[in-house]
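To start, the structure under review is shown below, and the notes come after it.
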There are 2 protein chains.
Amino acid sequence: MTHQTVGQPGLPDDPCANVVEPTPSCPVEITLAALHGRWTTLVIREFLHGGRTFTELRRALPALSDKVLSDRLAHLTAAGVLDRRRESGWPPRVHYTLTPHGRRLGPVLQALWDWGTEQLPSTETEGAPPTRGASSVI
Amino acid sequence: MTHQTVGQPGLPDDPCANVVEPTPSCPVEITLAALHGRWTTLVIREFLHGGRTFTELRRALPALSDKVLSDRLAHLTAAGVLDRRRESGWPPRVHYTLTPHGRRLGPVLQALWDWGTEQLPSTETEGAPPTRGASSVI
DNA sequence: CTGAATCCCTGCCGATACTG
DNA sequence: CAGTATCGGCAGGGATTCAG
């Protein structure tokens with residue numbers, strides 16, 4: 001996405017901050033691409049609690065089909081978020097863990113969470129009913 | 001998405017942190033929904049530099065079609081990110097600005113940017129070539 | 001000037017069935 | 001056990017055209 005936030009120092013004049021169309025090389029796009037797809041963030045959440053095997057994930061997320069779970073794991077592995085390790089022995093098991101890079105998604109998800117829990121301040125036009133608060137989850 | 005990051009205090013046992021399927025009421029989903037869609041983050045970037053009119057945005061992002069720009073503005077307005085104000089006079093112009101809520105997307109985009117610029121550390125299995133660094137933007 | 005309506009096309013998601 | 005192959009449905013995105 002090629003942004004730079006308000007007055008924030010640190011990314012003063014990155015050339016990417018001026019692109020005029022979506023490009024996969026933009027850092028914001030890279031991150032959004034890593035998080036892209038339904039279920040992806042829920043899968044990552046599971047890993048923030050520790051390593052998991054395919055079956056453990058399937059039990060943790062029963063509504064997620066094998067195919068999509070497989071897709072997500074492959075995608076996250078390719079993105080450098082997960083580390084895939086075949087355990088020797090029988091039955092064959094594959095153990096996934098967050099890479100150090102993947103672990104640093106924690107603050108990113110925290111930022112997403114924080115914004116999502118924020119009340120919509122009634123500063124838009126009138127007084128928006130505060131029914132969209134953070135209290136009613138699921 | 002119903003996460004809670006690693007050991008981070010602040011969201012200790014939010015009920016949403018345990019959902020087993022994607023739900024629109026999860027804070028992470030709310031934020032990702034606000035950012036959802038191609039061009040969306042680029043549009044937000046424009047607003048981090050100040051208010052804009054439809055035409056100004058069209059000039060800033062020439063490759064963005066009118067329809068999609070219109071869609072994005074409507075979507076961001078509905079999400080409480082933008083404030084839409086019809087300017088009286090002729091020709092009719094509409095001025096958009098970030099709401100306070102929308103302005104707080106700055107840190108979120110910063111977090112996304114930061115993760116995207118991070119080097120993939122060669123700690124995954126072997127030595128991954130650092131060809132995916134943050135240096136080559138657009 | 002600022003969109004809304006329409007059409008087509010592509011890519012994602014889910015379900016099912018099959019393999020090392 | 002841990003995936004891959006295939007298919008269908010549906011929503012997103014782009015181009016074009018029309019309206020307030």
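Everything numeric in this text was worked out from a predicted model, so none of it was measured. Heavy atoms only: backbone and side chains are in, while hydrogens, waters and symmetry mates are out. Throughout, a chain's letter reflects where its sequence line sits, starting with A, and its residues are numbered from 1.
- Ring pair B:F47/B:Y96 is perpendicular by interplanar angle, where above 60° counts as perpendicular and below 30° as parallel.
- Nucleotide D:dG13 holds its C1' atom 16 Å from the CG atom of B:L61, rounded to whole Å.
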Determine all donor-acceptor pairs shorter than 3.5 Å in which one atom belongs to a side chain in residues 67-74 of chain B; sequence neighbours excluded.
residue: B:R72; atom: NE; partner: B:R38; partner atom: O; Å: 2.7
residue: B:R72; atom: NE; partner: B:T40; partner atom: OG1; Å: 3.2
residue: B:R72; atom: NH2; partner: B:R38; partner atom: O; Å: 3.3

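- Taking atom CG of residue B:L69 and atom P of nucleotide D:dG12, one finds them 18 Å apart after rounding to whole Å.
- Map A:W90 and A:L64 each onto its nearest nucleotide of DNA chain C; the residue landing nearer the 5' end is A:L64.
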Please report, to 0.1 Å, the donor-acceptor pairs under 3.5 Å made by any side chain of residues 51-58 of chain A, with sequence neighbours excluded.
residue: A:T53; atom: OG1; partner: A:E56; partner atom: N; Å: 3.3
residue: A:E56; atom: OE1; partner: A:T53; partner atom: N; Å: 2.9
residue: A:R58; atom: NH1; partner: A:D66; partner atom: OD1; Å: 2.9
residue: A:R58; atom: NH1; partner: A:D66; partner atom: OD2; Å: 2.6

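- If you measure from atom NE2 of A:H36 to atom C1' of D:dG12, you get 10 Å, rounded to the nearest angstrom.
- Within the structure, every side-chain polar atom (N or O) of A:W39 is placed at least 4.0 Å from both OP1 and OP2 of C:dC12.
- In terms of modelled atom types and a separation under 3.5 Å, the side chain of A:T99 and the main chain of A:V81 share a donor-acceptor contact.
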Considering only nitrogen or oxygen atoms on both sides, find all protein atoms under 3.5 Å from nucleotides 2-9 of chain D and state each distance.
residue: D:dA2; atom: OP1; partner: A:V94; partner atom: N; Å: 3.2
residue: D:dA2; atom: OP2; partner: A:T55; partner atom: N; Å: 3.1
residue: D:dA2; atom: OP2; partner: A:T55; partner atom: OG1; Å: 2.2
residue: D:dG3; atom: OP1; partner: A:R84; partner atom: NE; Å: 3.4
residue: D:dG3; atom: OP1; partner: A:R84; partner atom: NH2; Å: 2.3
residue: D:dG3; atom: OP1; partner: A:Y96; partner atom: OH; Å: 3.4
residue: D:dG3; atom: OP2; partner: A:Y96; partner atom: OH; Å: 2.5
residue: D:dT4; atom: OP2; partner: A:S70; partner atom: OG; Å: 3.2

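- A:H75 places a side-chain N or O within 3.5 Å of a backbone atom of A:A33 that can act as its donor or acceptor partner.
- B:L82 places its CG atom 11 Å from the P atom of C:dG3, with the value rounded to the nearest Å.
- We find that CZ of B:R38 is positioned 16 Å from C1' of D:dA11, with the value rounded to whole Å.
- For B:V68, taking side-chain heavy atoms from C-beta onward, the closest of the listed nucleotides D:dG13, C:dC12, D:dA15 is D:dG13.
- Using modelled atom types, no side-chain atom of A:T23 and backbone atom of A:V19 make a donor-acceptor pair closer than 3.5 Å.
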